[in-house]
Amino acid sequence: MNAINPSEEVTVVVRRHILPGHEGQFEHAMRDFVNFVLSCPGHVGISVLRPSDGNGEYVVVDRFASAAARKALVSSPEYELSLIHISEP
């Protein structure tokens, strides 16, 4: 296992507003996405925060060992396919 250099670590924060009634579908797609990214090299961790006040806004905090690791992930066809499933209403 490679050691992670904290000075190279990259954190990405994404906010997604989910329409009422679509939360279950979104959470199911996010579970699949989380399982996918956790298996990718250079991925350090991911947290999905549910809305706390009923506004439908989820917050995703995604951590990578480096910018290169993130670029490799987001350039993959599997990543693109995962985003399509998350974006469906």
Report task. Only counting residues at least two apart or in another chain, list the ones meeting salt bridge (Lys or Arg N to Asp or Glu O under 4.0 Å) with Glu23. Result ->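 Salt bridge (Lys or Arg N to Asp or Glu O under 4.0 Å) check on Glu23 returns nothing, list empty.
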
Report task. Could you tell me which residues satisfy side-chain contact (heavy atoms from CB on, under 4.5 Å) with Val59, sequence neighbours excluded, listed by chain and number? Result ->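 Once residues adjacent in sequence are excluded, the partners of Val59 under the side-chain contact (heavy atoms from CB on, under 4.5 Å) criterion are Val13, Arg15, Leu49, Val61.
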
Query raised in the report: Does Arg63 have any side-chain contact (heavy atoms from CB on, under 4.5 Å) partners at least two apart in sequence or in another chain, and if so, which?
Result: Glu9, Thr11, Val44

Query - Hydrophobic cluster membership, Leu81 vs Val60, 4.5 Å side-chain cutoff - result: no

Show the atom names and distances, to 0.1 Å, of all donor-acceptor pairs under 3.5 Å that link a side chain in residues 65-75 to residues at least two apart or in another chain.
unit_1, atom_1, unit_2, atom_2, d
Ser66, OG, Ala68, N, 3.4
Ser66, OG, Ala69, N, 3.1
Ser75, OG, Lys71, O, 2.7

Query - Sequence neighbours excluded - salt bridge (Lys or Arg N to Asp or Glu O under 4.0 Å) pairs with any residue from residues 39-51 - result: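 Counting only pairs at least two positions apart or across chains, the salt bridge (Lys or Arg N to Asp or Glu O under 4.0 Å) contacts touching residues 39-51 are Glu27-Arg50.
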
Listing, residues 32-40 side-chain donor-acceptor contacts under 3.5 Å, not counting sequence neighbours, or none:
unit_1, atom_1, unit_2, atom_2, d
Asn35, ND2, Arg31, O, 3.3
Ser39, OG, Phe36, O, 2.6

**Report entry** Side chains of His17 and Asn55, donor plus acceptor under 3.5 Å
**Finding:**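 Result is no, nothing qualifies.
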
